[in-house]
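In what follows, a structure is listed as structure tokens, so that the remarks can point back to it.
Starting from 1, each residue takes its place in the sequence as its number. The structure displayed is predicted, hence computed values, not measured ones.
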Amino acid sequence: MLAGERDLDIVLYGATGFVGTLVARYLARVGAGIRVGLAGRSLDRLQAVRDTIGGRARKWPLIIAELNQPAALREMAARTQVVLSAVGPYSRLGLPVVAACAAVGTDYADLTGEVPFVRESIDRYHQLAIDNRCRIVHSCGFDSLPSDLTAYALHRRAVDDGGGNLADTTLVLRAYSGGYAGGSISTMVELMRIAAEDPTMRRMLDDPYSLSPDRSAEPELGTQPDLPLCEGSAIAPELKGLWLGGYIMALYNTRCVRRSNALLGWAYGRRFRYSETITMGSSVVSPFIAAMFNMGIAGASRFGGEYLRLLPRGLVDRVTPAPGTGHDEGPRGYYKVETYTTTTTGQRYRATMSQQGDPGYRATAVMAGESALALVVDRDRLTDRFGVLTPVSAMGEVLLDRLPAAGVKLETAQLN
């Protein structure tokens, strides 16, 4: 099917999962005039989702496409402008959909926060996507859009002010209230298992530039730890008295942001050093809590897979939440991140991004839905950058407009 004959704007693959259903609800609410199709492996479950949503969704076509049927996936991708994939863990389930989109020249977006999956997507399909002029855009949810977009907003602010390039830059997760998706937990388990089984993969996970488009061209900036531990004033005077520890999603997010810098021609600068932290409070025990938290993340990342290898995989799968399940706190959930930077001219800036809604669920549904809409509605505003991309390198300018209009607060401020 030729691009001009595509009868759909967005196909949501994995619409029957917990997050997928929330994305479908969001598109039904805000996507007036957008032609949406729901795709998955079970017709009955797709029909149930469509019936539950109701309204304009009643006219949405249902598409059956199994992951082990490449021809069916290509046919699905050829019908639409964008495939939005909500199927995880992506390391196990994601590549067939990427392959189909790259093959037929269809834009793609997902919610992944998995270094091995994105690295394999780059290695296999980046050039094919360039050749077929399509965008494979990973990480369009809470992983890792706040990270990617606040760094980009700081870059834009510094450029507008003539403030130089970005240098030391740190995201601080200041507030978070929400549940954890079954797919996210399955992803963590899968990454621990992969790292334990493959030393090469372990080295890749340890490399701060493991998602770079050109590893040899990256600057040597010394250590950039994934699990920093410090008192807040070491990052910014505004954080004095707070203790900061490592943020578990930094293991992916930092690499995503560094890839954005490289894909943009190192627009943030060649001295851009990036890390992520989470606040642990200001009490006398806060530094100990932060240290223990870091040890727990490091231990799980480094040695957790060794213990998993001793257990039957079926047992591990039975005692962990299944992909597609979740517990949504709904509108009671929220998050707030602050990203601080000092530029090469000594200027200091802060970008703040916050949103109501459970970060891993409703907030992610908004971010994913708006990313898909950006690829469709604002296609003429996008650059001619194709391949395996980050959210910012694919549609940074458009997202700076779309997300605030969708209820996401994003602002920058000069601090000196």
Side-chain angles (χ1 to χ4, degrees), residues 113 142-151 154 166-181 184-185 188 191-192 205-206 208 221-257 273-304 327 329 332-342 348-361 363 409-413 415-416:
F142 187 68
D143 309 326
S144 306
L145 229 167
S147 306
D148 209 24
L149 202 57
T150 54
L154 289 170
L166 306 188
D168 288 341
T169 304
T170 303
L171 177 142
V172 183
L173 180 60
R174 293 298 307 270
Y176 180 102
S177 177
Y180 291 91
S184 298
I185 295 172
M188 293 298 106
L191 288 177
M192 287 190 290
L205 292 172
D206 288 341
L221 300 174
T223 59
Q224 298 187 69
D226 288 321
L227 299 173
L229 172 64
C230 63
E231 190 272 332
S233 60
I235 302 299
E238 294 78 10
L239 300 173
K240 184 176 181 180
L242 289 173
W243 278 90
L244 308 177
Y247 174 38
I248 189 169
M249 287 313 304
L251 305 176
Y252 176 82
N253 292 344
T254 54
R255 288 146 179 82
C256 174
V257 173
R273 300 178 80 253
Y274 182 76
S275 61
E276 296 193 347
T277 65
I278 183 172
T279 56
M280 294 294 181
S282 57
S283 72
V284 68
V285 299
S286 293
F288 301 101
I289 294 173
M292 294 300 293
F293 194 79
N294 281 15
M295 290 175 61
I297 296 175
S301 175
R302 178 70 61 177
F303 304 113
H327 173 68
E329 288 196 1
R332 295 177 300 168
Y334 57 86
Y335 71 85
K336 178 181 178 181
V337 301
E338 295 176 345
T339 304
Y340 293 83
T341 193
T342 301
R348 294 179 54 248
Y349 295 95
R350 177 182 62 212
T352 304
M353 183 168 170
S354 61
Q355 189 178 358
Q356 288 298 125
D358 191 308
Y361 297 108
K409 295 181 179 179
L410 177 58
E411 59 186 11
T412 59
L415 300 177
N416 63 353

Item to check | Any residue meeting ring pair (Phe, Tyr, Trp, His ring centres under 6.0 Å) with Tyr274, in chain and number order, not counting sequence neighbours | outcome: Phe272

Next on the checklist: Run the side-chain contact (heavy atoms from CB on, under 4.5 Å) test on Ile278 and Tyr176 for me, step by step, so that the C-alpha distance in whole Å, both residues' side-chain angles and the decisive distance to 0.1 Å come before the verdict.
Outcome noted: CA-CA 10 Å; Ile278 183 172; Tyr176 180 102; 5.9 Å; no

Checklist outcome for this item: Between Ser275 and the options Thr223, Asp226, Thr170, the side chain to side chain donor-acceptor pair (under 3.5 Å) test singles out Thr170

Checklist entry - Should Thr352 and Lys336 be marked as a side-chain contact (heavy atoms from CB on, under 4.5 Å) after you check the CA-CA gap, both sets of side-chain angles, and the distance that decides it? => result CA-CA 7 Å; Thr352 304; Lys336 178 181 178 181; 3.8 Å; yes

Checklist outcome for this item: In this structure, CZ of Phe288 is separated from CG of Leu229 (nearest 0.5 Å) by 10.5 Å

Checklist outcome for this item: Result for side chain to side chain contact (heavy atoms under 4.5 Å, CB included) between Tyr247 and one of Asn294, Asn253, Thr279 points to Asn253

Checklist entry - Looking only at heavy atoms, what is the nearest atom pair of Ser144 and Cys256, with distance? => result CB-SG, 4.2 Å

Checklist entry - Nearest heavy-atom pair of Val284 and Pro287: which atoms, and what distance? => result O-CD, 3.5 Å

Checklist outcome for this item: side chain to side chain donor-acceptor pair (under 3.5 Å) filter on Thr342, not counting sequence neighbours, yields none

Item to check | Nearest heavy-atom neighbours spanning Arg350 and Leu154 | outcome: C-CD2, 3.7 Å

Item to check | Nearest heavy-atom neighbours spanning Val257 and Ala151 | outcome: CG1-CB, 3.9 Å

Item to check | Closest approach of Ser147 to Thr150 (non-hydrogen atoms, all atoms of both residues) | outcome: O-OG1, 3.3 Å

Next on the checklist: Once rounded to the nearest 0.5 Å, what's the spacing between atom CG of Asp358 and atom OH of Tyr335?
Outcome noted: 11.5 Å

Could you give the side-chain donor-acceptor pairs of residues 232-244 under 3.5 Å, partners two or more places apart or in another chain?
residue, atom, partner, partner atom, Å
Ser233, OG, Glu231, OE1, 2.2
Glu238, OE1, Arg348, NH2, 2.6
Glu238, OE2, Arg348, NH2, 3.4

Checklist entry - In Å, rounded to the nearest 0.5 Å, how long is the span from CG of Leu171 to CG of Asp148? => result 11.0 Å

Item to check | Closest non-hydrogen atom pair between Arg273 and Gln224, with its separation | outcome: CA-OE1, 3.5 Å

Checklist entry - What salt bridge (Lys or Arg N to Asp or Glu O under 4.0 Å) pairs are there with at least one residue in residues 274-292, not counting sequence neighbours? => result none

Checklist entry - For Asp168, which residues count as a side chain to side chain donor-acceptor pair (under 3.5 Å) partner, sequence neighbours excluded? => result none

Checklist entry - Has the side chain of Ser286 got a donor or acceptor atom that lies under 3.5 Å from a matching backbone atom of Met280? => result yes

Checklist entry - Hey, what do you get for CE (Met353) to OG1 (Thr412), rounding to the nearest 0.5 Å? => result 13.5 Å

Item to check | Of all pairs that satisfy salt bridge (Lys or Arg N to Asp or Glu O under 4.0 Å), the ones with a partner from residues 279-288, not counting sequence neighbours | outcome: none

